[in-house]
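One structure below.
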There are 4 protein chains.
Amino acid sequence: MPIPIKVAADSPEPMYHQIEVQLRGLIVSGQLAEGTLLPSIREMATDLNCSVITIRRVYQDLENEGLLRTRQGTGTFVAAVSVQDRQGYRTEAVKEAVQAAFETAKRVQFTREEMQQLLDETIEEWYPAAANPEKEDL
Amino acid sequence: MPIPIKVAADSPEPMYHQIEVQLRGLIVSGQLAEGTLLPSIREMATDLNCSVITIRRVYQDLENEGLLRTRQGTGTFVAAVSVQDRQGYRTEAVKEAVQAAFETAKRVQFTREEMQQLLDETIEEWYPAAANPEKEDL
Amino acid sequence: MPIPIKVAADSPEPMYHQIEVQLRGLIVSGQLAEGTLLPSIREMATDLNCSVITIRRVYQDLENEGLLRTRQGTGTFVAAVSVQDRQGYRTEAVKEAVQAAFETAKRVQFTREEMQQLLDETIEEWYPAAANPEKEDL
Amino acid sequence: MPIPIKVAADSPEPMYHQIEVQLRGLIVSGQLAEGTLLPSIREMATDLNCSVITIRRVYQDLENEGLLRTRQGTGTFVAAVSVQDRQGYRTEAVKEAVQAAFETAKRVQFTREEMQQLLDETIEEWYPAAANPEKEDL
DNA sequence: GTGGTCTAGACCACC
DNA sequence: GTGGTCTAGACCACG
C-alpha cells in the first residue's frame with residue numbers, strides 16, 4: 001500500500017480537501033520523510049480513482065504551503081520542513097478540532113461533567129486500554 | 001438582545017449554516033423554550049445583516065428537522081421536542097465533533113499522552129476549575 | 001473598459017500568470033479600490049476570451065495572497081490590504097525586475113556607463129520629458 | 001573552475017534555461033573566446049549535476065543561434081561571431097530586461113521620481129561608486 | 001516518463 | 001445570478 005489515503009466520493013467534503021488533509025497528516029507526522037518521491041499525479045489519480053486535475057490541485061496546494069516541492073519532468077517530493085514547523089502543523093490541526101468540539105459542547109450547554117465523561121470514553125475508544133486503565137478525571 | 005446569534009460574513013462557512021448551528025443549539029439546549037415565537041424572517045435578516053433568502057432557508061431547514069413550526073400568517077415557533085430527542089440532538093452534535101478531533105489526532109499520530117494533556121488543558125480553559133463541581137444546567 | 005487587462009494568447013507566458021500580474025498591479029497600485037466588486041469569473045472569462053477555469057485560478061491565487069476576498073454566491077471583491085502591505089507589494093515587484101535587469105547587465109559585462117546611459121534613455125522614453133529635462137547622471 | 005555557471009535546482013526556472021542564459025552571457029561578453037572548446041556534454045552534466053539531456057539541449061539551442069559549433073567526434077566550440085552580432089546580443093538582452101522593469105513600474109504606477117531613485121540606488125549597489133569612472137571592460 | 005497549462009462543459013452550493 | 005468542484009481529454013515543456 002504505497003500511500004494510505006482513502007477518499008469518500010459521496011462525502012459532501014470535496015475530494016481534494018479530503019486528500020489534502022490526509023497527505024498533510026502523513027507529512028507533518030513524519031510518516032512521509034523529507035525527500036520522499038510521491039507517486040506521479042497520474043498514478044495517484046488512478047489509485048484514488050479521481051481526475052489528475054484533482055491530484056494536481058492537491059500537490060499544488062501543499063506546495064504553496066511549503067510541504068511539497070515539485071520539479072517539472074522530475075516529480076513531486078516531500079519538502080524540507082523545520083522540526084518546529086512540523087510540530088506547529090501537527091498540534092495546530094488537533095487543537096483546532098478540539099476547540100471546535102468544545103464550542104459545540106458549550107453551545108448546547110454541556111456541563112463539565114458531561115464533557116469530561118464523553119472525552120474519557122472516547123479516549124479509551126481511540127487509544128484502547130493502557131495496562132492500568134486508571135481514571136484520572138477530577 | 002432578542003436572539004444571541006453571530007455570523008461572520010467573511011468566514012468560509014456559509015452563512016445559512018452558521019445560523020442553523022447556533023439556532024439549533026439554542027433550541028435543543030432549552031435556551032429557546034417550546035412555543036417561543038421567533039423573529040420574523042425580515043426582522044432576523046435585518047438583525048443578522050443578511051438576505052431574507054438565507055433566513056428563509058434556515059427556518060425551513062429547522063422546520064424540516066422538526067425543531068420549528070410555521071403557522072401561516074402568525075409566525076415561526078419553537079416546536080415541541082421530546083426530552084429524548086432533545087438529549088439525542090445535544091449529545092449527537094458534540095459526539096460528532098469529538099470524534100472528528102480524535103480522527104485528526106490519530107492522523108498526525110498524537111500519542112494518548114499528548115491528547116490527554118491537550119484535552120485536560122482545554123477543559124480547564126472552557127470550564128474553569130470549580131473547587132466543587134456545580135451543575136450549571138438550565 | 002471595465003478592467004483594463006490584456007492577454008497575449010501566443011505568449012509563452014501562461015495566460016493565468018499574465019492576468020495575475022496585471023490584476024495584482026491594479027490592486028496594489030490602488031487603481032482597484034478596496035471593496036470593489038470584480039467581474040464574475042464567467043464575465044471576465046468572456047472578456048478576456050479564455051476559460052472560466054483560468055479566471056477562477058487567477059482569482060483563487062490572488063485570494064491566497066490575501067488581495068481578493070470571495071464569497072460564494074456573491075462575488076469576488078478587492079480585499080482590505082494594509083497600506084504597508086500595499087507599498088511592500090508595489091516596490092517589491094519593481095525591485096525584483098530592476099535587479100533582474102542588472103543581473104543581465106553584469107552577465108554580459110555592461111559597464112556602469114553603458115548601463116547608466118541605457119537607463120537614462122529608457123526613463124526618458126517611459127516618463128517623457130519633464131519641463132527641464134536635465135541629465136543628472138554622475 | 002572551468003565554466004563558471006551555477007544552477008539552482010529548486011528554482012522554478014528550468015535548468016536548461018538557466019544554463020543557456022549564463023553560457024550565452026559568457027560567449028557574447030567575450031569571456032569565452034571564439035574557438036574555445038567547451039567541456040563535453042557528459043563532463044558538463046556531471047559538473048552541473050544535471051542530466052546529459054539537459055546539456056545536450058543547451059548546446060543545441062546555442063548552436064541553432066549560431067553561438068556554438070559542433071564538430072563530429074571533436075567537440076563543441078565557441079563559434080565565430082561578428083563584433084556587430086556580439087554587440088547586438090549584448091545590448092538586446094539588457095534592453096529587454098530594462099524594458100520589463102519599466103513595464104512593471106508603470107503597472108504599479110511608479111512615479112518618475114520613485115523609479116529614478118530606485119535606479120540610482122541600484123546602480124550604486126551593482127557598480128559601486130568609483131571616484132573616477134574607470135572602464136572595467138574585458 | 002514527469003509536471004504545467006488550458007479547454008469545454010457539467011453539476012452543485014449559496015444568495 | 002454568483003462561486004466551488006470535478007471530469008475527460010488535450011497539448012506543451014522538461015529531464
Side-chain angles (χ1 to χ4, degrees), chain A residues 7 9-20 37-45 48-60 63 68-77, chain B residues 7 9 11-20 45 48-58 61, chain C residues 7 9 11-19 37-45 48-60 63 68-77, chain D residues 7 9 11-20 45 48-58 61:
Chain A
V7 299
D10 58 338
S11 160
E13 192 189 359
M15 293 170 91
Y16 86 94
H17 195 252
Q18 297 181 42
I19 304 173
E20 280 185 19
L37 175 63
L38 293 184
S40 79
I41 54 180
R42 294 175 228 282
E43 209 178 322
M44 195 79 157
L48 301 184
N49 192 29
C50 68
S51 163
V52 294
I53 298 281
T54 304
I55 301 299
R56 218 203 142 272
R57 168 161 190 183
V58 170
Y59 281 14
Q60 182 146 318
E63 184 175 9
L68 295 181
R69 204 162 40 91
T70 127
R71 292 269 306 158
Q72 195 173 149
T74 307
T76 303
F77 302 85
Chain B
V7 299
S11 159
E13 192 188 357
M15 288 170 122
Y16 87 96
H17 195 251
Q18 298 181 42
I19 303 173
E20 279 186 17
L48 301 185
N49 192 27
C50 66
S51 161
V52 293
I53 297 183
T54 303
I55 302 299
R56 214 191 141 279
R57 169 165 189 176
V58 169
D61 283 355
Chain C
V7 298
S11 161
E13 191 188 0
M15 292 170 91
Y16 85 93
H17 195 252
Q18 298 180 41
I19 304 173
L37 174 63
L38 293 184
S40 79
I41 54 180
R42 293 174 229 280
E43 209 177 322
M44 195 80 158
L48 301 184
N49 192 28
C50 67
S51 162
V52 292
I53 299 281
T54 304
I55 302 299
R56 217 203 144 272
R57 169 164 191 180
V58 170
Y59 281 14
Q60 182 147 317
E63 183 174 10
L68 295 182
R69 203 163 39 90
T70 127
R71 291 268 308 156
Q72 195 174 147
T74 307
T76 302
F77 303 85
Chain D
V7 299
S11 159
E13 192 188 357
M15 288 169 122
Y16 87 96
H17 195 251
Q18 298 181 42
I19 303 173
E20 279 185 19
L48 302 185
N49 192 27
C50 67
S51 160
V52 293
I53 297 180
T54 304
I55 302 300
R56 214 190 141 280
R57 170 165 187 176
V58 170
D61 284 355

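Any value given below was found using the heavy atoms of this structure, including those in side chains, with hydrogens, waters and symmetry copies removed.
- The phosphate of F:dG4 (OP1 or OP2) has a side-chain N or O of C:T70 nearer than 4.0 angstrom.
- Expressed to the nearest 0.5 Å, how far OG of D:S11 lies from CZ of A:R71 amounts to 7.0 Å.
- One atom, CZ of C:R69, and another, C1' of F:dT2, lie 15 Å apart when rounded to the nearest Å.
- The CG atom of A:L68 sits 15 Å away from the C1' atom of E:dT2 (whole-angstrom rounding).
- Qualifying side chain to side chain donor-acceptor pair (under 3.5 Å) partners for A:Q60, counting only residues two or more places apart in sequence or in other chains: A:R56.
- Listed here is the closest heavy atom pair of A:C50 and A:T54: SG-CB, 4.1 Å.
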Next item on the list: List the protein contact pattern of nucleotides 5-15 of chain E with one symbol per nucleotide (5' to 3'): B for base contact, S for sugar-phosphate-only contact, - for none; contact means a heavy-atom distance under 4.0 Å.
Entry: BBBBB---BBS
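- One atom, CD of A:E20, and another, C1' of F:dG4, lie 14 Å apart when rounded to the nearest Å.
- One can place OH of A:Y59 at 11 Å from C1' of E:dG3, the figure rounded to the nearest angstrom.
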In a table with atom names and distances, give each donor-acceptor pair under 3.5 Å that connects a side chain of residues 12-20 of chain D to protein atoms at least two apart or in another chain.
residue: D:E13; atom: OE2; partner: D:H17; partner atom: ND1; Å: 2.8
residue: D:Y16; atom: OH; partner: D:R57; partner atom: NH2; Å: 3.3
residue: D:Q18; atom: OE1; partner: D:A8; partner atom: N; Å: 2.8
residue: D:Q18; atom: NE2; partner: D:A8; partner atom: O; Å: 3.1
residue: D:Q18; atom: NE2; partner: D:E13; partner atom: O; Å: 2.9
residue: D:E20; atom: OE1; partner: D:R24; partner atom: NH2; Å: 3.4

Notebook entry, point to check: Where does DNA chain F pair, written as one dot-bracket string 5' to 3', with Watson-Crick or G-U pairs under 3.5 Å, ( ) inside the strand, [ ] for crossing pairs and | for another strand?
Noted result: ||||||||||||||.
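- Legend: residues meeting side-chain contact (heavy atoms from CB on, under 4.5 Å) with C:Y59, ordered by chain and number and at least two apart, are C:L23, C:L38, C:P39, C:I41, C:M44, C:I55, C:L68, C:T76.
- Atom CD1 in C:I55 sits about 14 Å away from atom C1' in F:dG3, given to the nearest Å.
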